[in-house]
Structures are given as C-alpha cells and as structure tokens.
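Report on one structure; see the data block that follows.
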Amino acid sequence: RPLTLFDNKHLVQVGEHKMVYYPVKRLEQMGIKDIRIITGPEYAGDFCKYTSSFVFDEKKAVVKNKFSGLNFSVRVQQEAGGIPQAMALCQDFMDEGHLVCILGDNLHTTPINLNADKLEKDTAYCVIVEVPDPNPFGTCKFDEKNNLIDIIEKPSAQGLKAPSNWIVTGCYVLPCP
C-alpha cells in the first residue's frame, strides 16, 4: 500500500526530512520569510504542528525550531481546485510586488535565483528546466520568440508529441493585484 493512503504526500519522509521541508527551505534560500501553506481540511493540523515543531541540534546540544525566522500560515482548500484556487486563498496574504508559489511535492536540485528588483510589474514567471524526456511532466510550448504560450500536461499520456524538452518545475512567480 502506498504511504499516501495514511498521510499527506507532502508530509511523507524523503531522506532526512518530510517532503514539504525541501520547498520551504528553497523559499528561505530565495529570501522569502512569510509562507502560506494551502492544504485540505484533513491535514491542516498536521501542517501547523510540523511547521512549529522543534529539533535537537546535536552539534550545539540545543533544541531549536527547524524553521526559525520563517512565518507560517495555513489555509484550508476545501476541495482539490488546483493552483488558481490555491492562489485565491492567498489574496489576503499578498502585498505589492510578486507572490511565489512553489508546489510542495517538487524537489528542486539547484538554487532558484530570484532577483525581485528585475521582475516586471505585471508579468508572471514560471521556473522551467530542460530534461531528456519531458513526457511525464508539464511540458512547455513556446512561440517563435521563445515566449511560453502553453503547458501541455504529460503529452504522451494524451497521445501528443512533447513540444519541447523544457518542463515546469512547480515554481511560479505571480504579480500581485
């Protein structure tokens, strides 16, 4: 039986940490301190407990918060409604500038360099990466000027040829209204 029968996939242990730890640390590396987690009603308490839990630092022989310096809020998404519905749950969380959305089940193996000063005000950004086989992923389709114009989800499963070898990584930078 899969582990996700008993627990949210974002709270499953991957290596030393639960899966959600990795995107949270990636956000922290990007300089983001205020983080909102969107989850279903059955797991909201688990996320609240996890983000406020403490760990023992053996090197310093002290107990510390694993996410010291980060501010978390958890909002409940009553039904699976995808990224647009999750973003609607963040409207009260947004201020001027951009909102970074990172999916909790994607592992980024390289840093995401976000230079907020160079982001265009009304432009959305999508972090993409080139892979040898894009078929199991959301694959990017570009126009003749290399602008991203569409994302084809798992093209081979739809009987389609992947339009490129570039895939979305689950990290989006969206302008705030």
Using modelled atom types and a 3.5 Å cut-off, is there a donor and acceptor pairing between side-chain atoms of T139 and backbone atoms of P134?
yes

Do the side chain of H98 and the main chain of T123 share a donor and acceptor less than 3.5 angstrom apart?
yes

Residue pairs, two or more places apart or on separate chains, that pass side chain to side chain donor-acceptor pair (under 3.5 Å) and touch residues 161-177
H108-T169

So which pairs with a foot in residues 22-36 pass side chain to side chain donor-acceptor pair (under 3.5 Å), sequence neighbours left out?
K25-E28, R26-Q29, D34-N71, R36-S73, R36-D92

Whichever hydrophobic residues join V129 through chains of side-chain contacts under 4.5 Å:
V131, F137, I167

When you look at I37 and Y50, which way does the side-chain contact (heavy atoms from CB on, under 4.5 Å) test go after all the steps?
CA-CA 11 Å; I37 294 175; Y50 179 70; over 6 Å; no

Considering non-hydrogen atoms only, spot the tightest contact between I112 and M30 and give its length.
O-CG, 3.4 Å

Qualifying residue for side-chain contact (heavy atoms from CB on, under 4.5 Å) with K18, from L11, N8, V12:
L11

Using a cut-off of 6.0 Å, state whether more than 12 heavy atoms not belonging to E16 lie near its atom CD.
no

Please tabulate, for side-chain N and O atoms in residues 149-158, each donor-acceptor pair with protein atoms closer than 3.5 Å (sequence neighbours left out).
{"from": "Q158", "atom 1": "NE2", "to": "E153", "atom 2": "O", "distance (Å)": "2.4"}

Determine, using the 4.5 Å side-chain heavy-atom cutoff (strictly less than), whether L103 and L99 are members of one ILVMFWY cluster.
yes

Tell me whether L107 is reachable from I35 by hopping between hydrophobic residues (I, L, V, M, F, W, Y) whose side-chain heavy atoms are closer than 4.5 Å.
yes

Would you say the side chain of C171 lies within less than 4.5 Å of the side chain of N106, judging by non-hydrogen atoms?
no

How many angstroms lie between atom OG1 of T51 and atom CG of D46, to the nearest 0.5 angstrom?
10.5 Å

Would you please name every residue forming a side-chain contact (heavy atoms from CB on, under 4.5 Å) with N147, sequence neighbours left out?
D143, K145

Donor-acceptor contacts under 3.5 Å from residues 80-89 side chains, at least two apart:
{"from": "Q85", "atom 1": "OE1", "to": "Q77", "atom 2": "NE2", "distance (Å)": "2.7"}
{"from": "Q85", "atom 1": "OE1", "to": "G81", "atom 2": "N", "distance (Å)": "3.4"}

